[in-house]
Protein chains: 2
Amino acid sequence: MKKLKYSRQRESIKSFLATRTDHPTADTIYEKLREDFPNISLGTVYRNLALLESLGAITKISSNSGADRYDSNTDLHNHFICSKCQRVIDLEMESIDHIKELAARQFNGTIDGYIAHFYGLCNECQ
Amino acid sequence: MKKLKYSRQRESIKSFLATRTDHPTADTIYEKLREDFPNISLGTVYRNLALLESLGAITKISSNSGADRYDSNTDLHNHFICSKCQRVIDLEMESIDHIKELAARQFNGTIDGYIAHFYGLCNECQ
DNA sequence: CTGCATGCAAATCTTTTGCATAAGA
DNA sequence: TCTTATGCAAAAGATTTGCATGCAG
């Protein structure tokens, strides 16, 4: 496989994401990075996000509507997704790891991980 | 609000979905419905799926890749999503409803529901 | 009749990709 | 110099929408 080469853009994407807990979309990241790299392209942002995800450095979150979101917190944690504004909020809840066992008991295959998405209306929307 | 009017297409979409447990995409449904309605359009399929979802008759499932999938089983249940072939499999597992309480304890808003997605490789892919 | 639903096509939105050039090692 | 990364633009994939016409009530 090919060797990874340093890139200022990629580092910037990674460090920007590390400052945010609100799971920005690729486009939000793009708009922000334009401050430092006026000519950066959305393609570069998507390419790097996919690369970082494949390296396990970040996580992608898809919900039922809108663009995918990205999360620099790769620790196992769950999300609350607002049904109205689509905001994604981290839940620092007690471990629910045992649900993986319950699932494994039902499913005749290998379960590598899980993510639980809770939904409802966030404080701002209700 | 406006009144719902019967449509053969919508009934057909609903009953076709009821026969499947593999969570087809809008396009799969479209191809199937063309057997009975040669001129049906994808737009009609999407419009009816959105309508049925808003009525609570079906559920939409988004995963990290590929098109959204639709599920006629609106009972609370969780899914296994294959990381390789993207197959979505229902998990008839023991209740994990208590995780909702754990989440509510952390989140200062209203939690209406949740869905847990387990991932890994399915039998065919490993 | 009246209004919701459809078919068709164009438009949108999000993400991916090809290619020539720039930059890291 | 060699190879990976970038910018730009076009392409692709999924979903939505405007509009004239069809069909249910």
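Chain identifiers are assigned alphabetically (A, B, ...) following the order of the sequence lines, protein sequences preceding nucleic acid strands; residue numbering begins at 1 within each chain.
- B:Leu4 comes within 4.0 angstrom of sugar-phosphate atoms only, judged by non-hydrogen atoms across all strands, and of no base.
- Below 30°, between 30° and 60°, or above 60°: for A:Phe107 and B:Phe80 the angle between ring planes is below 30°, a parallel geometry.
- What separates CG of A:Leu52 from P of C:dT15 is a distance of 16 Å, to the nearest Å.
- Positionally, the nearest nucleotide of DNA chain D for A:Arg8 lies more toward the 5' end than for the other of A:Arg8 and B:Tyr6.
- With rounding to the nearest 0.5 Å, the separation of CG in B:Asn48 from OH in B:Tyr46 is 13.0 Å.
- At D:dT4, none of the side-chain N or O atoms of A:Ser7 fall inside 4.0 Å of OP1 or OP2 (strictly under the cut-off).
- B:Arg47 comes within 4.0 angstrom of a base, heavy atoms only.
- Put simply, OH on A:Tyr30 is 10 Å from P on D:dA9, counting in whole angstrom units.
- Backbone-only contact: B:Asp68 has heavy atoms under 4.0 Å from sugar-phosphate atoms and none from a base.
- In this structure, B:Gln9 reaches the C:dG7 phosphate: one of its side-chain N or O atoms is under 4.0 Å from OP1 or OP2.
- Between B:Asn48 and C:dT6 there is a side-chain polar atom (N or O) within less than 4.0 angstrom of OP1 or OP2.
- A:Lys5 contributes a side-chain N or O that forms a donor-acceptor pair with the base of D:dT3 under 3.5 Å.
- At whole-Å resolution of the value, CD in A:Glu31 and P in C:dT14 are 12 Å apart.
- Nucleotide C:dA22 holds its P atom 20 Å from the CZ atom of A:Arg10, rounded to whole Å.
- Within a 6.0 Å radius of NZ in A:Lys60, other residues, nucleotides and ligands contribute more than 12 heavy atoms.
- Using a 4.0 Å heavy-atom criterion, one finds that B:Gly43 contacts the bases of the nucleic acid, with or without backbone contacts as well.
- Rounded to an integer number of Å, the gap from CG of A:Leu33 to P of D:dT6 is 11 Å.
- The residues A:Arg8 and A:Glu11 are annotated as not salt-bridged, no charged nitrogen and carboxylate oxygen being separated by less than 4.0 angstrom.
- Salt bridge present: B:Arg105 and A:Glu94 bring a charged side-chain N and a carboxylate O closer than 4.0 Å.
- Counting to the nearest Å, the P atom of C:dT15 and the CG atom of A:Leu51 are 17 Å from each other.
- At C:dA5, none of the side-chain N or O atoms of B:Thr44 fall inside 4.0 Å of OP1 or OP2 (strictly under the cut-off).
- Rounded to whole Å, the distance from OH on A:Tyr46 to P on D:dT6 is 16 Å.
- The separation between B:Glu11 atom CD and C:dT6 atom C1' is 15 Å, rounded to whole Å.
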